[in-house]
Amino acid sequence: MTAALRDTRTISLEDEQATVKGWVQEIRNLGGISFIVIRDRYGTLQVTAPKKKIEPELFQTLTTLPRESVVAVTGTVKKSDQTALGLELIPSALEVYAEAMSPLPLGVVDKVHVEPDTRLNNRFMDMRRPEIRAVFELKSLLMDLIGEAMQEMDFVQVNTPKLVSSGAEGGSTLFQVDYFGKPAYLAQSPQLYKQMLMSTGLDRVFEMGPAFRAEHSNTVRHVSEFMSFDGEMSWIQSQEDVMHTIESIMAYVFPAMAERGAKHLEILGKEIVAPKMPFPILRYQDCLEMLASKGMQLKDGDDLGTEGEKLIGEIMAEEGHDMYWIVEYPELEKPFYIMEKEGTPYSFSFDLDYKGQEISSGGQREHRYEQLVERMRAKGLDPDSFHSYLDAFRYGMPPHGGWGIGVERLLVKMLDLPNIREAIIFPRDINRLTP
Ligand code: AMP
Ligand code: MG
């Protein structure tokens with residue numbers, strides 16, 4: 001009888017003999033009998049070793065393995081009322097792939113507090129904890145679902161360069177690299193490229209890829225490398241078309257996350273609550289008034305700031321809204337590619353805020369060549385250094401608009417995580433470049 005290769009998800013009482021591979025999570029030696037807990041991606045399995053009934057050498061090795069060693073255990077599957085799986089394995093053979101050194105840099109099952117830095121320094125070990133892995137299973141699902149929603153709406157997935165010659169979001173957050181002796185930068189966003197694609201006829205594109213920001217702010221919501229979900233679409237009548245598209249994406253993603261992520265959410269003890277649709281629309285000016293009513297005085301043109309965003313989040317939560325738009329930002333606050341609202345100091349731009357935090361910015365773009373060059377100049381930029389971008393506007397550019405959504409910011413608020421670093425396996429910030 002050959003043993004079937006199983007994991008803790010697939011093993012069943014139908015298997016007489018099975019082999020399971022994983023990490024030795026725990027060993028309890030009770031004299032005449034020992035219990036060894038083997039953990040894999042999906043859960044744990046109890047290996048029960050009665051001293052008298054198994055080979056002495058096998059018993060000896062199995063019961064003295066250092067915790068977290070990697071093994072394959074083969075044995076007989078027996079019914080058990082004592083285990084979560086309803087079965088246990090009586091071992092007949094053991095293969096040790098790798099013995100773990102001790103002490104461990106941090107415990108996997110111990111309930112002691114570990115400093116965030118220790119966790120991140122030993123992320124491989126930190127992620128052996130199911131509740132940490134669950135977040136990344138959900139992140140993977142979230143990105144899949146975004147892809148599905150985009151496909152359904154006929155968006156084409158594209159990839160734009162991450163090594164670029166100029167920035168789109170202002171010079172202060174650019175990382176410079178040496179590109180064959182010339183200066184180049186890590187892309188802050190796919191902004192310029194996704195807009196250029198609007199002149200190709202590929203009139204709806206999206207990208208999910210890394211964006212780099214040399215952010216000097218050491219906060220729970222800023223990192224220097226994040227996953228940016230960008231979309232750009234042509235033939236819009238107004239930025240409302242873009243906003244409706246984002247609402248459709250959220251309407252697709254939220255229930256599917258709750259449904260298809262149920263297992264992982266259970267591990268986290270969390271529930272995903274879909275935001276009420278359609279999202280209310282606040283004008284920037286409304287926000288200033290809302291903040292003033294709470295004693296926070298901002299000048300017209302000021303950034304709402306972290307505190308302002310949080311306060312508005314609290315006010316909106318009282319009204320039962322987790323997600324809401326903030327529109328009509330002052331043109332001066334917005335990048336050159338945004339369309340001005342003629343005759344006003346405002347712009348056709350929006351932010352999407354979720355539970356008191358910006359998760360997306362977007363709007364209608366300036367597609368008219370002359371006006372675009374004019375805006376660049378007004379912002380102190382040299383149109384010559386943007387010539388390959390500008391060329392795409394010279395020979396026929398449709399009206400268009402788009403957005404950038406920070407995937408981790410969305411996930412963090414969805415799961416109410418305390419820090420964006422909890423949603424990035426190997427985060428990058430001002431203090432961290434390894435692992
Ligand atoms: P922006 O073009 O600067 O408005 O960025 C678009 C979106 O990317 C923001 O709404 C955030 O969700 C996300 N984002 C921007 N900067 C960062 C950062 N430093 N860390 C994490 N996410 C960011
Ligand atoms: Mg923004």
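Order of listing sets the numbers, starting from 1, for every ligand and every atom in it.
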For [atom], what is the nearest protein heavy atom, given as residue, atom name and distance?
| atom | value |
| --- | --- |
| atom 2 (O) of ligand 1 | R213 NH2, 3.5 Å |
| atom 20 (N) of ligand 1 | V223 N, 3.2 Å |
| atom 13 (C) of ligand 1 | F226 CE1, 3.5 Å |
| atom 10 (O) of ligand 1 | E358 OE2, 2.6 Å |
| atom 6 (C) of ligand 1 | G404 O, 3.7 Å |
| atom 12 (O) of ligand 1 | I359 O, 2.8 Å |
| atom 4 (O) of ligand 1 | S361 OG, 2.9 Å |
| atom 11 (C) of ligand 1 | R409 NH1, 3.6 Å |

* Asked: Under 4.0 Å between a Lys/Arg side-chain N and an Asp/Glu carboxylate O for D416 and K355?
  -> yes
* **Cationic N near anionic O, under 4.0 Å, E95 to K21** => no
Could you see which bit of [X] sits under 4.0 Å from ligand 1, with heavy atoms only: side chain, backbone, both or neither?
| X | result |
| --- | --- |
| R221 | backbone |
| H222 | both |
| I420 | side chain |

* Work out whether the distance between some heavy atom of S360 and some atom of ligand 1 is less than 4.0 Å. => yes
* Asked: Are E408 and ligand 1 in contact, using a heavy-atom cut-off of under 4.0 Å?
  -> no
* **G406, any N or O under 3.5 Å of ligand 1 N or O** => yes
* Verify, without hydrogens or angle tests, whether S140 (side chain) and F136 (backbone) share a donor-acceptor contact under 3.5 angstrom. => no
* Asked: Taking the side chain from N419 and the backbone from E422, do they hold a donor-acceptor pair closer than 3.5 Å?
  -> no
* Rounded to the nearest 0.5 Å, what's the gap from CE on M316 to CD on E309? Could you check? => 13.5 Å
Compare every heavy atom of [Y] with every heavy atom of [X], then report the nearest pair and how far apart it is.
| X | Y | answer |
| --- | --- | --- |
| I420 | R221 | CD1-O, 3.8 Å |
| A423 | V412 | CB-CG2, 3.9 Å |
| M153 | R204 | O-NH1, 2.9 Å |

* **With F229 via ring pair (Phe, Tyr, Trp, His ring centres under 6.0 Å) - residues at least two apart** => W403
* To do: Could you pull out the N/O/S protein atoms under 2.8 Å of the Mg ion (ligand 2), ignoring any water?
  => E358 OE2, S361 OG
* To do: Side-chain contact test, heavy atoms from C-beta onward, threshold under 4.5 Å: evaluate it for M397 versus M198 and give yes or no.
  => yes
* Run the numbers on F336 and L372 for side-chain contact (heavy atoms from CB on, under 4.5 Å), then give the verdict. => CA-CA 7 Å; F336 70 83; L372 185 58; 4.0 Å; yes
* Between T44 and Q25: side-chain donor-acceptor atoms closer than 3.5 Å -> no
* Which one of I326, I246, L282 satisfies the side-chain contact (heavy atoms from CB on, under 4.5 Å) criterion with F350? -> I246
* Check ligand 1 against E215 and write out every atom of the ligand that is under 4.0 Å from a heavy-atom position of the residue. => 16 (N), 19 (N)
